[in-house]
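Structure first, commentary second.
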Number of protein chains: 2
Amino acid sequence: MLSKKAKYSLNALSFLGKRYGDGPVLITEIAEEENIPRKFLEAILLELKKNGVLGSKMGKGGGYYLLKNPEDVNLADVIRIFDGAIGLLPCVTHKYFEPCEECHDIETCGIRFVLKEVRDITVNALKDRTLADIIAEEKKRTRRKKRS
Amino acid sequence: MLSKKAKYSLNALSFLGKRYGDGPVLITEIAEEENIPRKFLEAILLELKKNGVLGSKMGKGGGYYLLKNPEDVNLADVIRIFDGAIGLLPCVTHKYFEPCEECHDIETCGIRFVLKEVRDITVNALKDRTLADIIAEEKKRTRRKKRS
DNA sequence: AAATATTCTATTAGTTCTGTAGAATTTAAG
DNA sequence: CTTAAATTCTACAGAACTAATAGAATATTT
């Protein structure tokens, strides 16, 4: 399961994705529109900035904005910022690698091998999907709903 | 990431899978062999029994044993027992379904649709893999290592 | 009856998660 | 150069969850 931070970050990024190229957007506006606690959102946006996803402008007329095109922001990268590794065990990740204490031999561990396959499948699925997909899907469904 | 309970359960089940058909195995033996805290393992095995994965026998000569063939125990079912839903959001699961509080409209939510796709991919990968795969992989790697 | 195991009930220390409060800093505009 | 409007930084706190332990109760075999 995603943490609230990771989930809220997807909400905020989708919102900023729709505004891509329009200049800074206020934290308050994002918070109100996406139903995210204002102060909590502050920390989230700051973290996204530190990780090179968002840019910001301080002072009057300031706010946050997406740095990259929505189709260049994949979900694996975003989720990892807040929730860390996507794999189910530390020993099947690259960045957060750590051997299990209880493991006899990491080289022959069957659990590790099988869960590594699962990790690769999931990570690839998340890497293949971007903010642009989320935005496009929402637009498609909204249109379809309005027509009926 | 898997909880310790889920991880330990895979260790214990792999161990019991190798003993499938040999009758009850002592908690203590599993705990020692798999480096799992004895008392903690008790709770895990009991949970696996309540979920129809293991059988047990009390008293002298008792212990735990796998009820089904290792190739009929898939990883999705095991993981769900301890860690609940595999999907990244409550709104993309069946059993643990719950709408997000912050969501405007669950029917048009793009995040939901995209993460539902990812969920299905991951769940299918876990359903396709069983205790038999873990055991076979471990044997293969142990043989290969011994030869060299 | 004794020995051996599982089963049940409670508890606890530590960590993480979600969220809040308030002060400090930066920027734009008048 | 002052004021208003923003982000940024530091600190904290309650709630929930995790990992693990302790001990008594129950069941089974010999």
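Labels below follow one simple rule: chain letters A, B, ... track the order of the sequence lines, proteins then strands, and each chain is numbered from 1. Please read all numbers here as calculations on a predicted model, not as lab measurements.
Linking Ile, Leu, Val, Met, Phe, Trp and Tyr residues whenever their side-chain heavy atoms come within less than 4.5 Å places A/Phe113 and B/Phe15 in a single cluster. Under the 4.5 Å side-chain heavy-atom criterion for ILVMFWY residues, a single connected hydrophobic cluster contains both A/Ile36 and A/Ile81.
Along DNA chain D, the nucleotide nearest to B/Lys57 and the one nearest to A/Met58 differ in position, and the one closer to the 5' end is contacted by A/Met58.
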### Task
Apply the test salt bridge (charged side-chain N to carboxylate O under 4.0 Å, His left out) to residues A/Lys5 and A/Asp83: give CA-CA distance (whole Å), side-chain angles for both, the deciding distance (0.1 Å), then the verdict.
CA-CA 8 Å; A/Lys5 278 193 178 176; A/Asp83 293 356; over 6 Å; no
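For the segment residues 83-99 of chain A, no residue has any heavy atom less than 4.0 angstrom from an atom of DNA chain C. Interface residues of residues 4-18 of chain B facing DNA chain C, ordered by number: none; criterion, heavy-atom separation under 4.0 Å. In the region residues 32-55 of chain A, proximity to DNA chain C at under 4.0 angstrom, judged on heavy atoms, holds for A/Pro37, A/Lys39, A/Phe40.
As a whole-Å value, the separation of B/Met1 CE from C/dT15 P is 18 Å.
In this view, B/Phe40 and B/Tyr8 satisfy the ring pair (Phe, Tyr, Trp, His ring centres under 6.0 Å) rule, not counting sequence neighbours.
Judged purely by atom type and a 3.5 angstrom limit, A/His104 has no side-chain atom pairing as donor or acceptor with the backbone of B/Asn35. With hydrogens and angles ignored, the 3.5 Å screen pairs a side-chain donor or acceptor of A/Asn124 with a backbone N or O of A/Asp120.
A heavy-atom distance below 4.5 Å is not found between the side chains of A/Arg141 and A/Glu138.
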Counting only pairs under 3.5 Å, give me each side-chain donor-acceptor contact of residues 41-52 of chain B, with atom names and distances, residues two or more places apart or in other chains.
residue	atom	partner	partner atom	Å
B/Glu42	OE2	B/Arg38	NH2	3.2
B/Lys49	NZ	B/Ser56	OG	3.0
B/Asn51	ND2	B/Glu47	O	2.9

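Sorted by first then second residue, the ring pair (Phe, Tyr, Trp, His ring centres under 6.0 Å) pairs that include residues 115-148 of chain A, not counting sequence neighbours, number zero.
Inspection of the B/Thr130 and B/Asn74 side chains reveals no N or O donor paired with an N or O acceptor under 3.5 Å.
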